[in-house]
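Here's the structure, in structure tokens; my notes come after.
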Amino acid sequence: MTDNAPAGPPPAASPESSGSAPAAGAPYDAVVLAGGGARRLGGADKPGVQVGGRALLDRVLAACADAATTVVVADPRATARPVCWAREEPAGGGPVAALGAGLRLTTAEYAVVLSADLPFLGADTVHRLLAALRDGDADGAMLTDDDGRDQPLVAAYRTAALRGALADLATKHAERAEHAEHPEHPGHTEPPRHAEHRGLTGLPLRRLTGALRLTRLTDPLASFDCDTWEDIAHARARIREHGHVLNEWITAVKNELGIELDVDTSVLLDAARDVAHGVARPAAPLTTFLIGYAAAQGKGDAASIAEASAKVADLAVRWEAEHNGGGSAPDAG
């Protein structure tokens, strides 16, 4: 599912103060950069590479699903939820130029900026970054990896501060480039729009983050990004480990079927266990299907699933007791 919203300018935002603290639960926008060349993957379509049955881009979009607006900076493609699309000019102009293009479509006071190759990023990390920003007076809060390296594309920023830093960087870089090309005309300037695009193209992210006051949080797992096929293989292997595979599989199934219901898997597993033990093993998967069907006939919510599971668990106990000769024999008189 995708929403090809036009990449035009957003409505005028309300005045922002780069030093004011956001209110608890303040809305935020998300900007996801997904248009890189993936040279270390041999030019593969990295956002579309699947980890745990889901595209890397869709995994990142799930982590920021509560954003007021989500902007993906890349050529439009199918996504698991609606987003807006933007593109830097020229395409392939680098992460700073891409961030500038995406930020133009945001209106919230706070912007979460993410790369599209973060297989283990979750909503809890996004909220933790926003909370760190909310509780301090820094311009942004970013993750660092296990080696202490900054990860500016796993971060939350005050949008006003980020816009200001981008504008200053674009102006300074364009002026330097113009002076180098036209030293005999130091007063010559380019049209503003052309200068903006030219001024951000090819710049490294450290030039941008170096101008901001930042809070840092260490999270080696959430900051893990997939730059190589070795990274992809590591991510795919990790989600199949015993402690992760069940939640990963359930999430993948819900995504595939378009289900947004939060399911208490322990309730279903208990019911399946009771049926497998008290009735027959093949009855367990069939029974969980029937539990889901019964829940859908009701309100279709988590409570309906729990109620149906409890009924089945009780039935399985009665079934086993009957098989084992439980209960009293009828009075022969």
Side-chain angles (χ1 to χ4, degrees), residues 1-14 22 25-36 38 45-89 91 95 97-127 129-130 153-157 159 162-163 222 225-226 247-263 296 300-302:
M1 181 166 52
T2 182
D3 176 14
N4 295 331
S14 58
Y28 72 94
D29 291 334
V31 178
V32 181
L33 307 191
D45 174 26
K46 182 161 67 168
V49 171
Q50 295 206 348
V51 173
R54 293 188 290 158
L56 283 171
L57 175 57
D58 285 336
R59 296 179 73 94
V60 172
L61 292 178
C64 58
D66 59 346
T69 297
T70 300
V71 183
V72 178
V73 186
D75 293 330
R77 63 192 302 147
T79 52
R81 69 176 181 84
V83 300
C84 299
W85 297 95
R87 202 68 167 110
E88 72 275 21
E89 297 179 16
L99 176 54
L103 206 64
R104 284 195 292 272
L105 297 183
T106 64
T107 58
E109 287 187 68
Y110 314 103
V112 169
V113 177
L114 305 168
S115 61
D117 59 353
L118 302 164
F120 304 124
L121 181 70
D124 56 339
T125 300
V126 170
H127 296 158
L129 287 166
L130 288 164
L153 297 184
V154 198
Y157 299 95
T159 308
L162 195 56
R163 283 200 180 106
D225 55 356
C226 293
N247 285 337
E248 286 285 350
W249 171 248
I250 294 299
T251 300
V253 170
K254 290 194 295 184
N255 182 74
E256 190 73 15
L257 299 179
I259 299 171
E260 297 183 2
L261 176 67
D262 288 331
V263 178
D301 56 6

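Only heavy atoms go into these numbers, but all of them, side chains included; no hydrogens, no water, no symmetry mates. Residues: numbered from 1 along the sequence shown.
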Quiz item: Of the non-hydrogen atoms in Thr69 and Asp29, which two are nearest, and what is the gap between them?
Solution: N-OD1, 3.1 Å
Quiz prompt | Nearest non-hydrogen partners of Leu130 and Ala156, listed with the distance | solution = CD2-CB, 3.9 Å
Exercise. Could you walk me through whether Arg163 and Thr106 pass side chain to side chain contact (heavy atoms under 4.5 Å, CB included), step by step?
Key: CA-CA 11 Å; Arg163 283 200 180 106; Thr106 64; 3.1 Å; yes
Quiz item: About how many Å separate CG of Leu162 and CG of Leu99, when rounded to the nearest 0.5 Å?
Solution: 5.0 Å
List, one per line, each side-chain donor-acceptor pair under 3.5 Å for residues 249-257, sequence neighbours excluded.
residue : atom : partner : partner atom : Å
Thr251  : OG1  : Asn247  : O            : 2.8
Lys254  : NZ   : Leu261  : O            : 3.1

Quiz item: Which pair of heavy atoms, one from Leu33 and one from Pro95, lies closest together, and at what distance?
Solution: CD1-O, 3.6 Å
Exercise. Looking only at non-hydrogen atoms, find the nearest pair between Pro119 and Leu56 and report the distance.
Key: CB-CD2, 3.9 Å
Practice problem: Rounded to the nearest 0.5 Å, what's the gap from SG on Cys64 to NE2 on His127? Could you check? | Solution: 9.5 Å
Quiz item: Rounded to the nearest 0.5 Å, what separation is found between the OH atom of Tyr28 and the CG atom of Leu129?
Solution: 10.0 Å
Exercise. Please report the C-alpha distance between Leu114 and Val154 in whole Å, then the side-chain angles of each, then the deciding distance to 0.1 Å, and finally whether the side chain to side chain contact (heavy atoms under 4.5 Å, CB included) criterion is met.
Key: CA-CA 5 Å; Leu114 305 168; Val154 198; 4.3 Å; yes
Per-pair distances, 0.1 Å, donor-acceptor, side chain in residues 46-53, under 3.5 Å, sequence neighbours excluded:
residue : atom : partner : partner atom : Å
Lys46   : NZ   : Asp117  : OD2          : 2.9
Lys46   : NZ   : Cys226  : O            : 3.2

Quiz item: Any idea which heavy atoms bring Val73 and Arg87 closest together, and the distance?
Solution: CG1-CA, 4.1 Å
Quiz prompt | Which residues share a salt bridge (Lys or Arg N to Asp or Glu O under 4.0 Å) with Asp301, sequence neighbours left out | solution = none
Quiz item: Roughly how far, to the nearest 0.5 Å, is the OG1 atom of Thr70 from the CH2 atom of Trp85?
Solution: 10.5 Å
Quiz prompt | Shortest non-hydrogen contact between Leu105 and Ala86, atoms and distance | solution = CD1-CB, 3.9 Å
Quiz item: Are the charged groups of Arg77 and Asp45 less than 4.0 angstrom apart, N to O?
Solution: yes
Quiz item: Can you tell me how far the CG atom of Leu61 sits from the OG1 atom of Thr79, to the nearest 0.5 Å?
Solution: 6.0 Å
Quiz item: Thinking salt bridges, do Glu88 and Arg104 make one under a 4.0 Å N-O criterion?
Solution: no
